[in-house]
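See below for the structure under consideration.
Throughout, a chain's letter reflects where its sequence line sits, starting with A, and its residues are numbered from 1. Note: hydrogens, waters and symmetry copies are ignored here, and every other heavy atom, side chains too, is used. What you are looking at is a predicted structure, and each value in this text was computed from that prediction instead of being measured.
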Amino acid sequence: MLKINCPICGNRDETEFSCGGEAHIARPIADNKLTDTAFSEYLFMRDNPKGVFLERWCHTSGCRRWFNLARDTISHEIIEIYPMGQTPKTAKGKKAYQANWRRKSKAEAASKPAKRTVK
Amino acid sequence: MADTSPHMVIGNSAFSNRILPIIKKPESLKTPQIELSEIRHLGKLNIRCTSKTRDMVSKLTQCNLSLQPNQSDSKAGRIALCLGPDEYLILAEQGSEIQLKKTLNSSDIVKQIAVTNVSDALCALSLSGKKVRDLLAKGCPIDLHPDSFSKNQSAQCDLALANVILICLEEDAFICICRTSFAEYVLDWCLDAGFEFGISASAGI
Amino acid sequence: MSPKQSHRLRANSTAINRQKPVQFTFDGKQYTGFEGDTLASALLAHGVHLVGRSFKYHRPRGILGCGSEEPNALIRVRHPSNAEPNLRATQLEIYDGLVAESQNRFPSLNVDFLSINSMFARFFPAGFYYKTFMWPASLWMFYERFIRQAAGLGKVSKNHHDPDRYEHKYAHCDLLVAGGGASGLQAALVAANAGARVIIADEQSELGGWLLTDNNFNIDQKPAMDWASTVIKKLHSMPNVTCLVRTTIAASMDDNFILMAERVTEHLSIKEAHLPKQRLWKLRAAKVILATGAIERPLIFSGNDLPGVMLSSAARSYIFRYDVLAGTRAIIFTNNDDAYYTALAIHQAGGFVRCIVDLRDNPKSQIITTMRKLGIDVRTGHAVIAAHGTRHIASVDIAEYDTENGGPTSDAVHMDCNFLAMSGGLNPVVHLHSQRKGRLVWDERTSCYRPENKSDDWVSIGSANGTFQLGRALAQATRITSSLVTKLAKENRRIIVQEPVAIPETDENKQNWAPLPVWLVQSGQPYISNKTAFVDFQNDATAADIKLAVREGYHSVEHVKRYTTTGMATDQGKTSNINAIGILANTLNKSIAQTGTTTFRPPYTPTSLGAIAGRNIGSLFDPIRTTRMHSWHHANGATFEHVGQWMRAWYYPREGENFQQTINREVHATRHYAGLLDASTLGKIDVKGPDSAEFLNRVYTNNFATLPIGKSRYGLMLKEDGMVFDDGVTTRLAEDHFYMTTTSGGAAGVLAWLEELLQTEWQDLNVYLTSVTEQWSVASLSGPNAKTILKACMSEDKNSADDFPFMTMKETFIAGIPARIFRISFTGEMAFEINVPARYGLALWSHLMRVGKEFNLTAYGTEAMHVLRAEKGFIIVGQETDGTVTPYDLDMHWIVSKKKPDFIGKRALERTSMDEPHRKQLVGLLTEDPNKVIPEGAHAVLDPDQEIPMAMLGHVSSSYYSPNLKRSIAMALLKGGLNRKGQNVYIPMLDGQKPIKAKIVDPVFFDKQGDRLRG
Amino acid sequence: MANTDLDRGSRALTQKSKRYSIFSLARNAASYHQNWQQAWRHADPKPAYDAVIIGGGGHGLASAYYLASIHGMTNIAVIEKGWLGGGNTGRNTTIIRSNYMWDESAGIYEHALKLWERLSQDLNFNVMFSQRGVLTITHSEHELKGMSRRVHAIRLNGIDSDILTPAEIKKRVPTINISPDIRYPVMGGFLQKRGGTARHDAVAWGYARAADDLGVDIIQNCEVTGLRRNGGQITGIETSKGFIKTPKVGCVVAGHSSVLADMANIRLPIASRPLQALVSEPIKPILDTVIMSNAVHMYISQSDKGEMVLGAGVDKYNSYAQTGSWPVPEHMVAAAVDLFPFLSRLRMLRQWGGIVDTCPDASPIISKTDIKGLYFNCGWGTGGFKSTPGSGHVFADLIAHDRPNSIALPYSLKRFETGYLIDEHGAAGVAH
Ligand SMILES: Cc1cc2nc3c(=O)[nH]c(=O)nc-3n(C[C@H](O)[C@H](O)[C@H](O)COP(=O)(O)OP(=O)(O)OC[C@H]3O[C@@H](n4cnc5c(N)ncnc54)[C@H](O)[C@@H]3O)c2cc1C
Ligand SMILES: NC(=O)c1ccc[n+]([C@@H]2O[C@H](COP(=O)([O-])OP(=O)(O)OC[C@H]3O[C@@H](n4cnc5c(N)ncnc54)[C@H](O)[C@@H]3O)[C@@H](O)[C@H]2O)c1
Ligand SMILES: Cc1cc2nc3c(=O)[nH]c(=O)nc-3n(C[C@H](O)[C@H](O)[C@H](O)COP(=O)(O)O)c2cc1C
Ligand SMILES: [Zn+2]
């Protein structure tokens, strides 16, 4: 059972948290036209590395805040915890972030407002 | 607003279906070592605000909100808790939360904050006695050792299968806040877990 | 009268209390032991060795060990209301009134019919099941019955009632010391002196570990156990130390999460009701020291499983701890020095050491000389190649032995005996280290697997680390603990590094701990003798089985384990695994390091399921949530329905009514007069902030930005895959303030989802969400008389009820109670959802019922609500949807905004497949026979006479008898349903009845124009 | 579906001398079992094969067996990084049933069940398929409705399924607690009598032995580290024992599917999660039916050796550690003790985890990929043991013909683009 250092509440048992899966999946804006294939990469395809994985967690039973976490899926070691909206700072975390195929995906490109903006 | 009526001062009990007091204790004990009761006359206000407006809110509520998350401060009969970077809970005398809410909502910062009366959504239980930490340790995974969890500390955490807020008032006195729909579960759980030390649950005030 | 304790010595161990005799029975016979005895020591005190039968061959078995490593002596304990199987006699402390019995034998231990298996053993080698029982195929189930009956160990009682309590306890500490032997005690002391919060736990009934057994030397100039007692006393006196006995560290998991099983009252004859039988500790330790000692290895030779054959260290423990001499004519068989001390102990206790058989050719140690001087027959370079006896060891064959080539080199000498103590060297208890995926290294010098100490968070010391010399173990404990303390002190001000820390000094006997590993002692006829050379005693796996597995291609250590079941018994191979690996390595011609080990898994010893469940059973298995009106529903005879954790009033049967009659009455009353529903369980979310409207626009399919203040709108939420997720009515309270409702079951999920979006996806939006589900009690008043009743209850401005347009909200007072009233309707009637602060819920409800009486107001439950809404064709999320249904499938195109550039699910809905005509779509069904109600969940087909498997159109999602329409109605999701309106379908029945014929229609059955609801 | 012997791939064992029978057992007993032959050869990789299956679990071995026995492809190899059956095949709770709700699922699982029914004979290896019945119990009105929907669909698909009342359940399973006073009382259930359990290791060993007998090379302790391709065509695999040339590669590596896919730059909708199980100490027979409950999240059966075998839902975060998190088994045990009070006095003997390949719709992937000659069979998640023969059978067909048959067709990767998912979540709950 993991011990997770919530940035707000400190060390707590894993049972107090919920895991939101892969982090840094940018949501394509519906207005930006994407093929069904490219959209399915956003919707269903998931990074599932054996090694460092960037994922997001929420301290559900505590402060209810979301945060990002870099975790080794073999040893379960938590390498880094960093705020929502930021990218990892550790070397391992950075590498995992940059190496991810998603950085080059069409869906990610479509997450930024294109011609029209939403609002 | 709907909750501004003077009628609000009637007590709020989450245990309308239960007949209290209940005492559970081993035969070997004369008196229970844990006391549980509901604090019925307590207004509860949830406040969301950022660091920009926090001082203003402190001023208007006469509560010290310059707290770290999981800290509490009690002053003039009010307890303020910091639940997160932008979230606070104020426990105040029954009825005064209505006034507080009104004050906040008629201030300049009304657009930047959210004030919600949760007096009836949450139930406050007072738990005290020399074995109270042992009782909580049966269901609460956080470190309850007096070195780590002392006066004025609070925690949002799990107690068995319920989500609660624990506030440490004294070495052996706590407030446990839970959603009212979970109150009976929490009571039943405490009664069962408290049997080892002896527990008396009373209706409270 | 119980028999005499013929084997009890006169010595005076402190572990047993001779002042306190204890009466117990074993297999119906009365015995007396002493307080402090285990069942094993007490039986041995009476000379009883035979205590069980083995798993497969039903061979007679005795006591092998002295603690949790015991594979053989599994017994069953009877309690007044149940029985507990498979307890180890070596750990079970006796108490007055204990009723124990042997297992896996019929009719009795001495005469066991299935011991015939033993005679046919040659037909049941490892894996024989896989090779037979296949013909004819149909008979396997028949064979299996007998196979199952023969397998299994103990029995549980079928009419089981468990009166005991089991507790859980969370705990935290700076340092957990696992094991209370010399090393553990020293480690605990060092850390405790520095101010650390220490927990030291041992599975035995007292701390001291091996010192309890071996106490004939000094530590710090005191007899070893006196040193230990002083340390123990000190630890007990320190507020920062918790000493636990009878506490097994069962599991070591990620981030030093530790499970410990404490046996609280099991050893007591009077078990006080408030104390738990067991307590499961869930511990988080900053650091862990593993000082779990070592377990002796048996030697593998033919007949090594006979009762009377025991581990040497166990034999010594019975002498020193329990004052019991287990055998009077003893053979000692060893490959190391340590067993000589057992020989000495037996000799000094008055036993006759017939011969010491040492596999080593020319061992040199002081103790060997000592034994020879005592005139004891010491034969080095020899082996016991077989033991004989029927129900007890009676003799052995001893021969000169060539350890290089593995075999006897002389004729065997036959010696009679009644006891054999064997020692094959020590296995460090690496379980907890390995559970954490800590690596093991094979140490050639000491011939054992040692933990590789690599982690900062958990470290092994002492015997557990392969450091068998006491002096060195104490030094190691001191050094390693000090360095951990230094690390802890960096993060924790309470902890102060003490320097230098003194290392206790010892004058122990210098002995050679390195054994000469001989994994299998061969007789002259290996094919035969290997079949009775037991490796895994409990599962009856022999050396021959391991060799057979290899011959058949099962080479991986994991395959051998699974093919022969070695190490899979309740002792998890504590005494067998390394021997098995040794034999395997030899057979494969590999080194042990190349062969590897099997995986260590929790728990260390079997852990009670009752303790694991703790108090999360019965009514505390999951919280039950009730509304504030619950007591009224209860008092008025409601039957309840589970909706998530909520208990909702389902229907209110009256005297003499059946289910359908009740529903008809409630539905009828609501349509014709008025009905009242407790809708308090609806999820309610307060949405506040400048971007609230924009936020709602993004999460609902329809437009909320345009919603005027004071007005309500029905909204549909999708997940990103375009499937319907939740629905509800949301009302605008102010420009920047909304009041959202969700389904009862979906409330928590919706709030979590919306929070997630705000905190992760849309951090730019300034919106606060607060759950107010329990803040408000909700009574839903509906029906033609609803307005009249409402007016009668309103405290002020009664006329405002007349000017109350559909889908608007008013704040007012009812019976003096402040209320928010929403003019919305789920029944299709004129309806008001009255929200009041929860404390008034019951008062409001009672008041409405009282006032409504003269207007025929009837309380209705969720079932009537379902019928009422179905008459109107309203969907219920979770009933008409199942995560695979889009708004288009529900024919709700109207609710999906075409104008909004984006909302959750928009892009998914644009996938070509989403609006295809052959998808399953929501329609109504009217049966040909108006009295036939289709079972919900039934499937429709076009042709009822087709062959199975049938082509199904889809399923009936809702189906009721409608008292208003005086006929049955149903909703269904059918392939291409929208284009099939007017067609007939058939619904085949499960019970053999004729298929029901029905026509596909529009799902709105009642008041299509909605005149009633608008009033 | 599998009707003829050829369809079943039934070859028993070609080498008569190796066949198992009562007589061979007796004969060997007489010679102290010294003459048994290896169940399979410990092959070293050849430089090239006509096809290679990666993953020596049940599915991979079955795929190889059917490729050889039905499609005549015998110059093939199975590459396993560890020991055969050491993945989920060796660590599952062995529940076998085919009572799934959607037509597509009924198709594949019933196909598998039919193969199970003769598997011991087909392989000449007793896999101890025990058709003792799988009973799924329900605990609420809502669940009863779901059950009705499932049972109707299952029956119309020609699969056996009976609804039982609590009293009938009690009769069949005397130790179950049907008291209405527990938190989730038993309100009913449905039984597939043909369902049951099998001896998991034997499945891997039996397929390996039968495939080996047909000439398939079984290569253990050989990890695939790369997939080599030329343009859009697969050309071979890199392994810890060197490069192996082959035009066709079938990946059947369960929890490691994403790792393999990554080697070919292919994305999968798979999350590798721990799924845990535990066994109690063995006791004399007390439970003759497999019991599953979705609402309280547990399933239980008694193995032939006597242990109670318990499993629960999947853990909440990705992991390749083959261990899980304690709260999951703890909850499962509480649920089990509530339903079977006799368990309170039993003890947990061993607890472990596997890495399951979970898919967003809880249905598998049996699919070609954009790379020619590269096929994936994965996504079986928490419930693929039961499909082992069926999965291998249709996957062999796909590899041999480069075209999915009608049973495999719905399981293409394309469904994640079109949205035609086969969502077994709502219907299956804990899908074992
Ligand atoms: C605890 C648990 C309980 C379960 N209960 C059930 C149940 O009751 N009923 C049911 O039907 N299903 C159940 N399942 C699911 C079932 O076990 C699996 O779906 C099924 O066994 C998968 O078989 P497989 O052959 O695809 O995978 P595996 O048996 O996992 O085989 C995959 C193999 O690929 C190998 N491999 C991986 N990477 C490489 C590489 N790079 N090179 C070479 N080889 C590689 C692995 O070592 C492994 O041996 C359960 C699973 C678990 C973990
Ligand atoms: N069998 C033996 O361990 C053995 C035999 C001969 C000599 N010795 C001597 O004993 C000394 C070593 O002392 P030590 O402290 O390293 O070992 P120790 O054997 O004295 O103590 C280990 C203790 O750990 C406990 N233990 C093991 N696993 C446990 C678990 N999972 N949960 C709770 N308790 C558990 C045991 O009950 C035991 O009391 C050495 O001098 C060694 O030569 C030991
Ligand atoms: C159906 C089944 C029954 C099992 N029975 C036992 C058993 O009786 N004893 C045992 O030690 N392990 C048993 N195991 C667990 C295995 O020992 C082992 O833990 C599991 O195969 C996972 O492998 P690993 O622990 O080596 O990683 C069983 C496993 C399964 C799947
Ligand atoms: Zn937190």
Exercise. Of all of D/Leu25, D/Ile22, D/Ile182, which one pairs up most often with chain C through heavy atoms under 4.5 Å apart?
Worked result: D/Leu25
Exercise. Once you round to the nearest 0.5 Å, how far does CE of C/Met952 lie from CG of D/Asn157?
Worked result: 3.5 Å
Exercise. Got a second to check how far D/Asn221's CG is from C/Ser556's OG, nearest 0.5 Å?
Worked result: 7.5 Å
Problem set entry | Under 4.5 Å from a heavy atom of chain D, the part of C/Met253 involved | side chain
Problem set entry | N/O donor-acceptor pair under 3.5 Å between D/His152 side chain and C/Ile987 backbone | no
Exercise. By a 4.5 Å heavy-atom criterion (distance strictly below it), what part of C/Arg601 contacts chain D: side chain, backbone, both, or neither?
Worked result: both
For this session: For D/Arg183 and C/Asp622, indicate whether the former's side chain and the latter's backbone hold a donor-acceptor pair under 3.5 Å.
Result: yes
Exercise. If you look at every heavy atom in D/Val337 and C/Leu609, which pair is closest and at what distance?
Worked result: CG2-O, 4.0 Å
For this session: Please state whether the side chain, the backbone, both or neither of D/Ala321 comes within less than 4.5 Å of a heavy atom of chain C.
Result: both
For this session: Check whether D/Asp304 gets within reach of chain C through its side chain, its backbone, both or neither, counting any heavy atom under 4.5 Å.
Result: both
Exercise. Would a 4.5 Å heavy-atom cut-off, applied to side chains only, mark C/Thr132 and D/Tyr20 as touching?
Worked result: no
For this session: Would you please indicate if the ring centroids of C/Phe621 and D/His331 are separated by under 6.0 Å?
Result: yes
Problem set entry | Contact class of D/Leu84 relative to chain C, heavy atoms under 4.5 angstrom | both
For this session: Can you tell which part of D/Phe129 gets under 4.5 Å to a heavy atom of chain C, answering side chain, backbone, both or neither?
Result: backbone
For this session: Using non-hydrogen atoms and a 4.5 Å limit, figure out which bit of D/His42 sits close to chain C: side chain, backbone, both or neither.
Result: side chain
Exercise. Is chain D contacted by the side chain of C/Tyr166, its backbone, both, or neither, given a heavy-atom distance below 4.5 Å?
Worked result: side chain
Exercise. So which of D/Phe340, D/Phe125, D/Trp205, D/Phe342 has the biggest tally of heavy-atom pairs under 4.5 Å with chain C?
Worked result: D/Trp205
Problem set entry | Segment of C/Gln149 engaging chain D (4.5 angstrom heavy-atom cut-off) | both
Exercise. Under a 4.5 Å heavy-atom cut-off, does chain C meet the side chain of D/Asp288, its backbone, both or neither?
Worked result: both
For this session: Select one option (side chain, backbone, both, neither) describing which atoms of D/Glu417 are under 4.5 Å from chain C's heavy atoms.
Result: backbone
For this session: Mind ranking C/Leu87, C/Asn539, C/Val550, C/Leu74 by heavy-atom pairs under 4.5 Å with chain D and telling me who comes out on top?
Result: C/Leu87
Problem set entry | Atom group of C/Ser157 that falls short of 4.5 Å from chain D, counting heavy atoms | backbone
Problem set entry | Within the 6.0 Å centroid threshold, strictly below: C/His642 and D/Tyr184 | yes
Exercise. NZ of D/Lys305 to NZ of C/Lys56: how many Å apart, nearest 0.5 Å?
Worked result: 10.5 Å
Exercise. Under 3.5 Å, side chain of C/Asn616 to main-chain N/O of D/Ala334, donor-acceptor pair present?
Worked result: no
Problem set entry | D/Arg19 portion near chain C, given a 4.5 angstrom heavy-atom threshold | neither
Problem set entry | Donor + acceptor pair across side chains of D/Gln37, C/Arg551 (<3.5 Å) | no
Seminar exercise, completed: What one should report as the nearest heavy-atom pair of C/Arg148 and D/Ile286 is NH2-N, 4.4 Å
For this session: Tell me, for C/Gln645 versus chain D, whether the close heavy atoms (under 4.5 Å) come from the side chain, the backbone, both or neither.
Result: both
Exercise. For D/Pro174, is it the side chain, the backbone, both, or neither that has a heavy atom closer than 4.5 Å to a heavy atom of chain C?
Worked result: neither
Exercise. Is chain C contacted by the side chain of D/Ala335, its backbone, both, or neither, given a heavy-atom distance below 4.5 Å?
Worked result: both
For this session: Counting only heavy atoms closer than 4.5 Å, note whether D/Leu287 contacts chain C via side chain, backbone, both or neither.
Result: backbone
Problem set entry | C/Leu620 versus chain D, the contacting section by heavy-atom distance below 4.5 Å | neither
For this session: Could you tell me whether the side chains of D/Ser344 and C/His160 share a donor-acceptor contact shorter than 3.5 Å?
Result: yes
Exercise. Does a side-chain heavy-atom distance below 4.5 Å link C/Lys282 with D/Glu330?
Worked result: yes
Exercise. Checking C/Met914 against chain D: side chain, backbone, both or neither under 4.5 Å from a heavy atom?
Worked result: side chain
For this session: With rounding to the nearest 0.5 Å, note down the distance linking CD in D/Gln34 to NZ in C/Lys547.
Result: 8.5 Å
Exercise. Which answer fits D/Val151, side chain, backbone, both or neither, if we ask what part of it has an atom under 4.5 Å from a heavy atom of chain C?
Worked result: both
Problem set entry | Under 4.5 Å from any heavy atom of chain D - which part of C/Ala908 | neither
Exercise. Measuring from D/Met128:CE to C/Tyr129:OH, what's the distance to the nearest 0.5 Å?
Worked result: 7.0 Å
Seminar exercise, completed: Applying a strict 4.5 Å limit to non-hydrogen atoms, the region of C/Tyr563 in contact with chain D is both
Exercise. Does a donor on one side chain sit under 3.5 Å from an acceptor on the other, for C/His79 and D/Arg345?
Worked result: yes
Exercise. Do C/Pro603 and D/Met348 touch side chain to side chain, with heavy atoms closer than 4.5 Å?
Worked result: yes
Exercise. Can you tell me if NZ on C/Lys437 sees more than 12 non-hydrogen neighbours from other groups inside 6.0 Å?
Worked result: yes
Problem set entry | Residue C/Ala544 versus chain D: region with a heavy atom under 4.5 Å | neither
Exercise. Hey, which of D/Leu278, D/Val333, D/Val127 has the most heavy atom pairs under 4.5 Å with chain C?
Worked result: D/Val333
Problem set entry | Note, D/Ser130 side chain near C/Met141 side chain (heavy atom, < 4.5 Å) | yes
For this session: Please determine, among C/Ala938, C/Ala569, C/Gly127, the option with the most heavy-atom pairs under 4.5 Å with chain D.
Result: C/Ala938
Problem set entry | Region of D/Asn124 in contact with chain C, defined by heavy-atom distances below 4.5 Å | both
Exercise. Taking the side chain from D/Asp338 and the backbone from C/Gly618, do they hold a donor-acceptor pair closer than 3.5 Å?
Worked result: yes
Problem set entry | Which atoms of C/Glu916 approach chain D - backbone, side chain, both or neither, heavy atom under 4.5 Å | side chain
Problem set entry | Proximal component of C/Glu144, with respect to chain D [non-hydrogen, under 4.5 Å] | side chain
Exercise. Does D/Arg149 use its side chain to pair, donor to acceptor, with the backbone of C/Val956 at less than 3.5 Å?
Worked result: no
For this session: Say whether, by atom type as modelled, one donor and one acceptor occur between the side chain of D/Gln121 and the main chain of C/Met134 under 3.5 angstrom.
Result: yes
Problem set entry | Which portion of D/Thr323 sits near chain C, non-hydrogen atoms under 4.5 angstrom | both
Problem set entry | D/Pro282 backbone acceptor or donor facing C/Asn86 side chain under 3.5 Å | yes
Seminar exercise, completed: Taken to the nearest 0.5 Å, the spacing of D/Trp83 CH2 from C/His555 NE2 works out to 15.5 Å
Problem set entry | Contact class of C/His955 relative to chain D, heavy atoms under 4.5 angstrom | side chain
Problem set entry | Pick from D/Thr175, D/Leu144, D/Leu343 with the largest number of heavy-atom pairs that fall under 4.5 Å of chain C | D/Leu343
Exercise. Quick check, are the ring centers of D/Trp40 and C/Tyr554 under 6.0 angstrom apart?
Worked result: yes
Problem set entry | Flag for C/Asn104-D/Lys284: side-chain donor and acceptor within less than 3.5 Å | yes
